Amino acid sequence: MKLKKIIIDGFKSFGRPVSINISENITAIVGPNGSGKSNVVDAIRWVFGEHSYKNLRTVKKNDILFSGSNGTSASNRAYVKLIFEDDGKEIDVSREMLRDGKNIYMLNGEVVRLKDLMDFFAGTGAGKEFYSIIAQGQIDKIVNATPEELRKLIEEAA
Amino acid sequence: MKLKKIIIDGFKSFGRPVSINISENITAIVGPNGSGKSNVVDAIRWVFGEHSYKNLRTVKKNDILFSGSNGTSASNRAYVKLIFEDDGKEIDVSREMLRDGKNIYMLNGEVVRLKDLMDFFAGTGAGKEFYSIIAQGQIDKIVNATPEELRKLIEEAA
Amino acid sequence: AKKVFLETFNSVNSNFSEMIEELFEGAKGEMRLLPEKDVLETGIEISIKKVGKKEQNLYLLSGGEKSLVGIALLFSLLKINPSPFYILDEVDAALDDYNAERLGRLIKRYSDKTQFIVVTHNKLVMENADILHGITMTNGISTIVPVELEKVADDKPLEVTT
Amino acid sequence: AKKVFLETFNSVNSNFSEMIEELFEGAKGEMRLLPEKDVLETGIEISIKKVGKKEQNLYLLSGGEKSLVGIALLFSLLKINPSPFYILDEVDAALDDYNAERLGRLIKRYSDKTQFIVVTHNKLVMENADILHGITMTNGISTIVPVELEKVADDKPLEVTT
Ligand SMILES: Nc1ncnc2c1ncn2[C@@H]1O[C@H](COP(=O)(O)OP(=O)(O)OP(=O)(O)O)[C@@H](O)[C@H]1O
Ligand SMILES: Nc1ncnc2c1ncn2[C@@H]1O[C@H](COP(=O)(O)OP(=O)(O)OP(=O)(O)O)[C@@H](O)[C@H]1O
Ligand SMILES: [Mg+2]
Ligand SMILES: [Mg+2]
């Protein structure tokens with residue numbers, strides 16, 4: 001299963017839709033401080049159902065929605081879609097949130113519950129907290145993990 | 001008042017005495033990960049009377065003393081001296097700690113109390129926590145300061 | 001369950017010592033099961049012994065060394081059970097040039113097993129990528145711009161502009 | 001006491017807005033006294049408004065932007081009442097090349113007012129120094145070695161060896 005593309009619209013600083021192609025091997029995302037690189041990482045965590053304000057670096061629920069800028073009004077919906085390819089078949093996963101706080105998860109065009117999404121990905125290991133997404137400033141915190149937390153990591157890998 | 005030289009012996013990873021010349025303007029300290037750069041910063045904090053384990057990045061009291069390596073036994077004393085120049089006169093400030101935990105502060109060759117040292121420096125602003133020593137990883141934490149902490153900073157500058 | 005856990009633990013441990021030896025040039029890294037209660041419940045401890053030194057508390061390691069331990073653990077788990085993709089957001093921030101280059105080579109070596117998305121400011125790391133996306137903020141909105149690595153001169157700051 | 005505090009506050013605040021304007025290219029930075037009780041007790045709040053955006057919570061700033069706010073505050077206080085020396089331990093770790101260069105220039109600009117000791121891995125920052133000390137660990141002991149910046153080629157990792 002390979003991630004092919006990420007589509008983001010109205011999520012955090014993405015006031016206009018963007019589409020990011022992902023290489024089968026290594027994709028680098030570069031750019032000035034504050035340009036929106038870590039917001040892309042947050043967008044991917046968000047699609048996998050992340051709801052913790054701390055992990056999404058937000059303070060209130062609507063911080064997820066683009067807050068507006070000169071000439072572009074604030075967004076009323078945040079939308080992120082991941083496009084995968086598995087044995088030649090395309091698989092789309094997306095999450096959408098409206099200003100009223102309602103979340104809609106979709107798998108290949110059909111509305112599903114978050115639980116269905118997690119079941120779908122369970123076998124693949126994607127989205128598992130530790131060993132697939134390392135947030136900015138976290139890599140050196142692993143040495144502070146407790147013996148129980150380290151054990152949990154090994155169990156996840158088993 | 002200018003800092004001219006730093007002498008370190010037996011403090012943390014400095015198993016042999018080193019002497020570091022300091023420029024009147026900008027001195028850069030460079031080198032591989034884990035070579036001892038931040039230990040120099042800790043040494044300067046320590047001379048000014050720093051006693052917090054957390055700020056000195058130690059766990060127990062004797063972590064200050066060089067713990068030994070192949071061919072060099074552990075040190076029994078940690079010694080750091082700062083040499084300043086003020087209007088052509090040299091001023092030496094030092095701190096020494098023995099394995100039994102005894103601390104000796106000296107100002108121009110005479111044993112003094114820490115309080116005398118702090119009085120000596122009070123007028124100069126040196127050693128004041130925030131705005132003269134920024135430890136590794138701290139510069140981006142200032143945005144998390146509480147309104148009271150920010151007020152204290154301004155008062156120190158007044 | 002006990003057998004599976006012990007097998008996994010042993011292979012993570014041997015990967016971990018290999019990784020530490022490579023990243024810390026000769027140091028010894030080890031994961032130990034705490035001697036407490038039952039193997040199915042006990043915690044795990046990491047120990048690092050640098051060249052020429054006795055074993056030290058992880059607390060004494062430097063900023064960059066702590067990142068290297070995290071990287072070693074990440075790749076030890078990846079070798080056993082790779083996730084379909086990995087996202088690394090400036091994991092090289094505390095590393096010196098040597099270790100940044102080593103990290104770049106490590107990512108390249110495992111990129112045939114899994115996909116990497118790497119956010120970085122360091123040219124030594126980004127030069128391993130096959131696709132490079134620039135992100136810039138214009139008028140308060142993030143946009144994506146193409147970036148050609150060849151055009152990035154080593155001694156000039158990276159230009160990412162529309 | 002009240003008068004002295006207000007005078008200091010106002011000059012730090014005007015320095016701070018100048019610094020933010022310079023470091024965030026046109027953004028507006030401001031320090032505000034909380035409207036609570038007596039001026040001698042109330043706390044202080046920082047607000048940043050990036051170009052093209054409304055005022056946002058500091059929490060939403062990026063890693064590098066938070067470092068820039070810290071740097072702006074440091075130099076705002078330095079301008080009022082410089083300490084005899086400043087030690088900056090890898091304050092550039094989260095910065096992109098542009099901001100690292102800007103930081104180097106800022107340190108150079110104020111180095112006639114006070115002394116700076118800067119620990120860094122970034123050549124764009126270390127090239128401003130008049131004295132460069134290399135530290136390396138041999139056989140478990142830290143030693144000091146001379147480093148010539150001219151010898152440091154831009155596209156190679158920095159060599160610090162005995
Ligand atoms: N809801 C939102 N609406 C508009 N802009 C937002 C929103 N949330 C965050 N931002 C903007 O995103 C910026 C931070 O982006 P991000 O953290 O992705 O930067 P970055 O590219 O990772 O930078 P660095 O290299 O410093 O880590 C902030 O400056 C903020 O203005
Ligand atoms: N008491 C001690 N005796 C011997 N060695 C020590 C002692 N305390 C710390 N060390 C060593 O010092 C090293 C860390 O040094 P330091 O934190 O100064 O590195 P650094 O040069 O700042 O690296 P980085 O660039 O990664 O921040 C550790 O690896 C540890 O082995
Ligand atoms: Mg970031
Ligand atoms: Mg350090």
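Naming convention: chains lettered A, B, ... in sequence-line order (proteins, then strands); numbering from 1 in each chain. Bear in mind the structure is a predicted one, so any value in this text is a computation, not a measurement.
- With a 4.5 Å cut-off on non-hydrogen atoms, D:Ile107 touches chain B through its backbone and its side chain both.
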I would like to know whether D:Glu22 and D:Arg109 meet salt bridge (Lys or Arg N to Asp or Glu O under 4.0 Å); could you show each step before the answer?
-> CA-CA 13 Å; D:Glu22 179 183 341; D:Arg109 199 192 309 159; 2.7 Å; yes

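- Here B:Val30 is the residue among B:Val143, B:Ile44, B:Val30 with the most heavy-atom pairs under 4.5 Å with chain D.
- Note on B:Ile26, B:Leu150, B:Asn39: by heavy-atom pairs under 4.5 Å with chain D, the leading option is B:Ile26.
- With a 4.5 Å cut-off on non-hydrogen atoms, D:Glu65 does not touch chain B at all.
- Counting heavy-atom pairs closer than 4.5 Å to chain D, the top residue among B:Thr72, B:Asp140, B:Asn144, B:Asn25 is B:Asn25.
- Interface remark: D:Ile71 contributes backbone and side-chain atoms alike to the contact with chain B (heavy atom separation under 4.5 Å).
- Neither the backbone nor the side chain of D:Ser11 comes within less than 4.5 Å of any heavy atom of chain B.
- Proximity to chain D (any heavy atom under 4.5 Å) is shown, for B:Ile8, by neither the backbone nor the side chain.
- Heavy atoms closer than 4.5 Å to chain B are found in both the backbone and the side chain of D:Val91.
- Contact of D:Gln115 with chain B is made through backbone and side chain together, with heavy-atom distances under 4.5 Å.
- A cation-pi arrangement, defined by a distance under 6.0 Å to the six-membered ring centre and an angle within 45 degrees of its axis, is absent between B:Arg95 and B:Phe11.
- Ranking B:Asn33, B:Thr146, B:Val41 against chain D, the residue ahead of the rest is B:Val41, based on heavy-atom pairs under 4.5 Å.
- For chain D, the option among B:Ser19, B:Pro32, B:Gly71 with the highest count of heavy-atom pairs below 4.5 Å is B:Pro32.
- Sparse packing is recorded around CD of B:Glu24, with 12 or fewer heavy atoms of other residues, nucleotides or ligands lying under 6.0 Å away.
- Contact count against chain B (heavy-atom pairs under 4.5 Å) is highest for D:Glu90 among D:Lys113, D:Glu90, D:Lys108.
- Listed options D:Val4, D:Ile48, D:Ile87 were ranked by heavy-atom pairs under 4.5 angstrom with chain B; first place goes to D:Ile87.
- When heavy atoms are compared at a cutoff of 4.5 Å, D:Val12 approaches chain B solely by way of its side chain, counted from C-beta outward.
- When each of D:Ser67, D:Ala94, D:Ser76 is checked for heavy-atom pairs under 4.5 Å with chain B, D:Ser67 comes out on top.
- A 6.0 Å sphere centred on NZ of B:Lys152 holds no more than 12 heavy atoms belonging to other residues, nucleotides or ligands.
- A cation-pi contact, defined as under 6.0 Å to the ring centre and within 45° of the axis, links D:Lys66 to D:Tyr59.
- Annotation for B:Arg16: atom CZ does not count as buried by contact number, only 12 or fewer foreign heavy atoms lying within 6.0 Å.
- In this structure, the side chain of D:Thr114 engages the main chain of D:Ser83 through a donor-acceptor pair within 3.5 Å.
- Around atom CD of B:Glu155, more than 12 heavy atoms belonging to other residues, nucleotides or ligands sit under 6.0 Å away.
- Using modelled atom types, no side-chain atom of B:Ser75 and backbone atom of B:Ala78 make a donor-acceptor pair closer than 3.5 Å.
- Taking OG of D:Ser17 as the reference point, atom CE of D:Met31 lies at 9.0 Å (rounded to 0.5 Å).
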B:Ser69/D:Asn139 under side chain to side chain donor-acceptor pair (under 3.5 Å): CA gap, chis, key distance, verdict | CA-CA 7 Å; B:Ser69 73; D:Asn139 264 343; over 6 Å; no

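- Interface residue B:Ser23: backbone and side-chain heavy atoms are both found under 4.5 Å from chain D.
- With a 4.5 angstrom heavy-atom cutoff, D:Ile117 touches chain B via backbone and side-chain atoms both.
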